[in-house]
Amino acid sequence: MPVNRVTMITLGVHDIGRSRGFYGALGWEETRAMDGVVFYQMGGMVLSLFRLGPLAADQGRPGAELGMGAVTLAQNFRDTSEVDAGFARALDAGATALKAPAETFWGGYSGYFADPDGHVWELAYNPHWSLDDSGRTVIPE
């Protein structure tokens, strides 16, 4: 079994209801919700939203102040128009624009936004990579 994989990403959030609304407005469908945690299936991975206080306690750090924005999550698209549409959808849902989509130094096209809790997302088109039919990134050898 490969060891270089991530199976779940958990985002600590201040308000589960607000975050559910935000990701729902992006078109994400909940797979399961329970006890203040929401799960989204993501093609072999899971994204979860977990209230900050309970997340810190679950980590064995009750009362810890968890930081935001030090990690960037990214979503690749098939072309620049999909990036623009995704960025507009995020802003309409309540995201904060950090960097509008634009041509990049590496030959692609990308922009950044922060969700309502400050988690940073990059939306990108990379002409050097492709996406398979399920939307998974394919990096050429």
Side-chain angles (χ1 to χ4, degrees), residues 1-102 104-141:
M1 178 175 0
V3 294
N4 61 334
R5 67 186 184 286
V6 175
T7 57
M8 188 160 104
I9 296 170
T10 299
L11 301 179
V13 300
H14 291 282
D15 181 327
I16 286 285
R18 178 182 69 183
S19 294
R20 287 173 96 170
F22 175 78
Y23 286 97
L26 294 183
W28 293 40
E29 295 182 22
E30 294 178 20
T31 304
R32 186 172 180 202
M34 57 182 240
D35 301 326
V37 183
V38 179
F39 300 96
Y40 301 88
Q41 186 70 53
M42 298 174 39
M45 285 182 57
V46 174
L47 176 79
S48 68
L49 306 175
F50 201 144
R51 280 193 5 257
L52 283 167
L55 176 58
D58 193 54
Q59 293 173 345
R61 305 185 299 158
E65 290 190 32
L66 303 179
M68 303 290 176
V71 171
T72 299
L73 302 165
Q75 189 175 34
N76 284 334
F77 292 89
R78 288 183 170 81
D79 59 42
T80 60
S81 66
E82 287 185 2
V83 172
D84 290 337
F87 195 79
R89 190 170 39 257
L91 296 184
D92 289 346
T96 301
L98 301 177
K99 178 183 160 205
T104 66
F105 71 92
W106 46 267
Y109 184 80
S110 77
Y112 290 84
F113 69 82
D115 77 2
D117 286 283
H119 298 292
V120 177
W121 285 86
E122 177 187 22
L123 303 184
Y125 163 65
N126 185 335
H128 311 291
W129 297 352
S130 61
L131 300 178
D132 68 14
D133 291 339
S134 68
R136 294 183 185 181
T137 303
V138 178
I139 302 172
E141 296 181 28

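No hydrogens, no waters, no symmetry mates; every other heavy atom, side chains included, goes into these values.
Residues H119 and G12 share a closest heavy-atom pair of NE2-O, 2.7 Å. Scanning both residues, V120 and Y112, for their nearest heavy atoms gives CG1-CD2, 3.8 Å.
The list of ring pair (Phe, Tyr, Trp, His ring centres under 6.0 Å) pairs with a residue in residues 42-91, not counting sequence neighbours, is empty. Within the structure, no pair that satisfies the salt bridge (charged side-chain N to carboxylate O under 4.0 Å, His left out) test touches residues 119-135, not counting sequence neighbours. Residues in residues 54-70 take part in these side chain to side chain donor-acceptor pair (under 3.5 Å) pairs, two or more places apart or across chains: Q59-R61. Residue pairs meeting the ring pair (Phe, Tyr, Trp, His ring centres under 6.0 Å) criterion with at least one partner in residues 24-45, sequence neighbours excluded, are Y23-W28, W28-Y40, W28-W121. Evaluation of the side chain to side chain donor-acceptor pair (under 3.5 Å) test over residues 9-19, restricted to residues two or more places apart or in two chains, returns T10-S48, R18-D117, S19-D117.
In the displayed structure, R32 atom CZ is contacted under 6.0 Å by at most 12 heavy atoms of other residues, nucleotides or ligands.
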Donor-acceptor contacts under 3.5 Å from residues 68-76 side chains, at least two apart:
| unit_1 | atom_1 | unit_2 | atom_2 | d |
| --- | --- | --- | --- | --- |
| N76 | ND2 | T137 | OG1 | 3.4 |

Distance-only donor-acceptor hits, side chain of residues 88-96, under 3.5 Å, sequence neighbours excluded:
none

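Scanning for salt bridge (Lys or Arg N to Asp or Glu O under 4.0 Å) contacts around D84 gives an empty result, with sequence neighbours left out. Evaluation of the side chain to side chain donor-acceptor pair (under 3.5 Å) rule for T31 yields no partner, not counting sequence neighbours. Partners of R20 under the salt bridge (Lys or Arg N to Asp or Glu O under 4.0 Å) rule, at least two apart in sequence or in another chain, are E30.
Between the side chain of H128 and the main chain of G107, no donor-acceptor pair closer than 3.5 Å is present. With Q41 contributing its side chain and M45 its backbone, the two residues share a donor-acceptor pair below 3.5 Å.
In this structure the side chain of I16 reaches within 4.5 angstrom of the side chain of V38, judged on heavy atoms. Looking at S110 and Y125, their side chains never come closer than 4.5 Å, going by heavy atoms from C-beta outward. Looking at heavy atoms from C-beta onward, R136 lies out of side-chain contact with L131 at the 4.5 angstrom threshold. Contact of the T7 side chain with the V46 side chain is not registered, since no non-hydrogen atoms from C-beta on lie closer than 4.5 Å.
Note: L123 CG to T80 OG1 = 12.5 Å, rounded to the nearest 0.5 Å.
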